[in-house]
Amino acid sequence: MSWSWKIGRIAGIPIYVHWTFVILIAWLVAAGASAGGGLPAGLRQGGFVLALFGCVVLHELGHALMARRFGVPTADITLLPIGGVARLQRLPEKPGQELMVALAGPAVNVVIVAVLWLVGVRFPAGDESAEVLHAGFWSKILLVNVFLAAFNMLPAFPMDGGRVLRALLAMKLPYAKATRAAATVGQMMAIAFGLFGLSSGAPLLLFIALFVWIGAEAEALQVAERAALKGVLVRDAMLTDFQSLRDDDTLGQAVGVLLSGTQQDFPVEGNEADDEPRVLTRANLMAGLAARGPDGSVGEFASASAPAVEADGPLVAAVNALRERGASCAPVVRDGRVVGLLTLENVAELLMVREALGKVGDGSVAPVAEERVY
């Protein structure tokens with residue numbers, strides 16, 4: 001994730017913190033200090049939040065280490081102000097495995113609660129917000145872990161409970177249908193959260209409702225796309241009628257090619273030293289024109305923004321690689337030679353054609369090398 005700093009590695013998994021998390025800690029320390037308790041009160045408040053996010057890291061490690069048992073590696077864990085993100089590089093192969101991975105995170109919070117309870121930590125005496133706020137450090141940690149376990153088990157994407165529900169449904173239904181059913185349940189919960197938030201004047205519930213609705217819809221669409229593209233190869237979606245540029249062409253010549261057709265990104269030939277085929281994207285062309293004018297060199301602004309993909313490789317994996325790199329296109333190669341151009345726009349058109357022809361697959365989805373957020 002961009003704008004994140006690596007702070008360490010646990011069990012071989014890199015741990016990152018997003019810069020906004022640092023701002024949150026600084027703000028909480030300043031708010032606590034200005035509330036009347038001085039710097040010590042601010043530091044205690046900041047320390048509590050750090051301990052809270054330590055519990056979040058343990059939660060995410062629960063997912064990651066359980067996934068590792070099933071041969072699924074985790075790219076990294078990133079701390080955000082709204083929680084943690086463990087990026088699994090692919091789906092577990094079986095619904096039962098996904099069920100275990102999804103349950104592992106909340107199970108960690110349950111273990112933390114059990115350990116604190118066994119050593120004598122109890123919940124805050126009262127249920128008023130002021131009493132909870134001024135409760136002891138460990139009492140608040142106990143309460144927070146109960147909340148983390150309960151909230152994450154709500155049957156709504158992108159929480160763990162949504163994945164638990166999807167895994168249970170996928171034991172009887174095709175994966176895409178199970179995902180859509182679980183997403184629908186999540187969106188119904190989002191509506192309930194939103195209505196309750198409006199009636200009670202609780203803006204946090206409105207935020208949660210929006211978060212759940214968007215997460216559920218994104219998950220359903222992503223899985224539906226993968227189901228529709230199951231078994232489709234890169235060559236089925238690539239552009240074969242495309243223009244190439246040479247390394248020593250000018251940007252002015254590139255503009256001429258751009259304006260003469262609908263192609264926006266161009267493979268660049270002519271530099272044998274490159275390990276990967278390069279592409280001049282429209283964005284890089286505009287940047288080059290601004291910096292060097294029409295006499296600038298194409299080679300100076302071409303880049304390997306996305307790795308070349310094999311023509312006979314699976315389309316789903318290639319699309320994931322494009323999105324991971326934030327690239328709009330990738331050169332398609334066969335035997336080391338560029339034979340086509342894969343663009344997200346062309347993939348979207350292929351999806352529309354397949355939907356119109358009724359070729360949307362059987363709803364099953366094979367695991368692919370992609371990132372999963374838990």
Side-chain angles (χ1 to χ4, degrees), residues 1 18 20 24 52 55-56 59-60 63 78-88 91-92 95 98-99 101-107 109-110 127-129 132 143-228 323 348 351-352 355 360-361 363-365 370-374:
M1 188 174 293
H18 196 261
T20 51
L24 172 66
L52 165 61
C55 295
V56 172
H59 176 107
E60 301 301 335
H63 291 307
T78 302
L79 286 178
L80 302 164
I82 59 172
V85 174
R87 298 194 303 157
L88 306 188
L91 280 170
E98 182 178 17
L99 177 64
V101 172
L103 287 172
N109 298 115
V110 171
D127 57 1
E128 296 294 331
S129 59
V132 172
L143 188 62
V144 161
N145 276 279
V146 170
F147 172 78
L148 286 175
F151 181 75
N152 275 285
M153 284 306 296
L154 291 175
F157 288 116
M159 276 86 78
D160 300 325
R163 303 186 187 282
V164 169
L165 178 59
R166 193 253 304 278
L168 292 173
L169 292 173
M171 294 178 181
K172 297 294 183 181
L173 298 173
Y175 196 80
K177 291 182 179 178
T179 301
R180 172 46 69 185
T184 300
V185 171
Q187 290 177 324
M188 291 173 63
M189 291 192 65
I191 293 173
F193 284 146
L195 292 175
F196 187 75
L198 286 173
S199 62
S200 62
L204 179 60
L205 285 178
L206 294 176
F207 172 78
I208 292 175
L210 181 63
F211 177 69
V212 169
W213 182 278
I214 293 175
E217 188 63 21
E219 185 77 17
L221 290 176
Q222 185 181 53
V223 172
E225 176 186 282
R226 287 177 37 229
R323 288 176 175 159
L351 280 169
M352 288 189 291
E355 183 177 0
V360 292
S364 61
V365 180
E370 67 171 358
E371 296 173 351
R372 307 300 298 166
V373 177
Y374 279 85

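Across all non-hydrogen atoms, the minimal contact from Leu169 to Ala182 is CD1-N, 4.1 Å. Among all heavy-atom pairs drawn from Ala149 and Val110, the shortest one is CB-CG2, 4.2 Å. Across all non-hydrogen atoms, the minimal contact from His63 to Pro106 is CE1-CD, 4.1 Å. In this structure, Ala102 and Val164 approach most closely via the heavy-atom pair CB-CG2, 3.7 Å. Across every non-hydrogen atom of Met159 and Leu154, the tightest pair is CB-O, 4.0 Å.
Atom OG1 of residue Thr78 and atom CD of residue Glu60 lie 9.5 Å apart, to the nearest 0.5 angstrom. To the nearest 0.5 Å, atoms CG (Leu165) and CG (Asp160) are separated by 12.5 Å. The CZ atom of Arg163 sits 9.0 Å away from the OG1 atom of Thr179 when rounded to the nearest 0.5 Å.
Residues Val85 and Leu79 form no side-chain contact, since every pair of their non-hydrogen atoms from C-beta on lies 4.5 Å or further apart. Side chains of Leu99 and Met171 form a contact here, defined as non-hydrogen atoms less than 4.5 Å apart.
Applying the side-chain contact (heavy atoms from CB on, under 4.5 Å) criterion to Val144, with sequence neighbours excluded, gives Phe48, Leu52, Leu148. For Asn145, the side-chain hydrogen bond (donor to acceptor under 3.5 Å, both in side chains) partners two or more places apart in sequence, or in a different chain, are Asn109. With sequence neighbours left out, Leu210 forms a side-chain contact (heavy atoms from CB on, under 4.5 Å) with Ile214. A search for side-chain contact (heavy atoms from CB on, under 4.5 Å) contacts involving Val146 returns Val113, Phe123, not counting sequence neighbours. For Ala183, the side-chain contact (heavy atoms from CB on, under 4.5 Å) criterion is met by Phe157, Arg180, Ala216, Ala220, not counting sequence neighbours. In terms of the ring pair (Phe, Tyr, Trp, His ring centres under 6.0 Å) criterion, residue partners of Phe151 (sequence neighbours excluded) are, by chain and number, Phe147.
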Considering only distance and modelled atom types, tabulate donor-acceptor pairs under 3.5 Å from the side chains of residues 186-199, sequence neighbours left out.
{"unit_1": "Gln187", "atom_1": "NE2", "unit_2": "Glu217", "atom_2": "OE1", "d": "2.8"}
{"unit_1": "Ser199", "atom_1": "OG", "unit_2": "Leu195", "atom_2": "O", "d": "3.2"}
{"unit_1": "Ser199", "atom_1": "OG", "unit_2": "Phe196", "atom_2": "O", "d": "3.0"}

Please tabulate, for the side chains in residues 201-208, all donor-acceptor contacts under 3.5 angstrom to protein atoms that are two or more places apart in sequence or on a different chain.
none

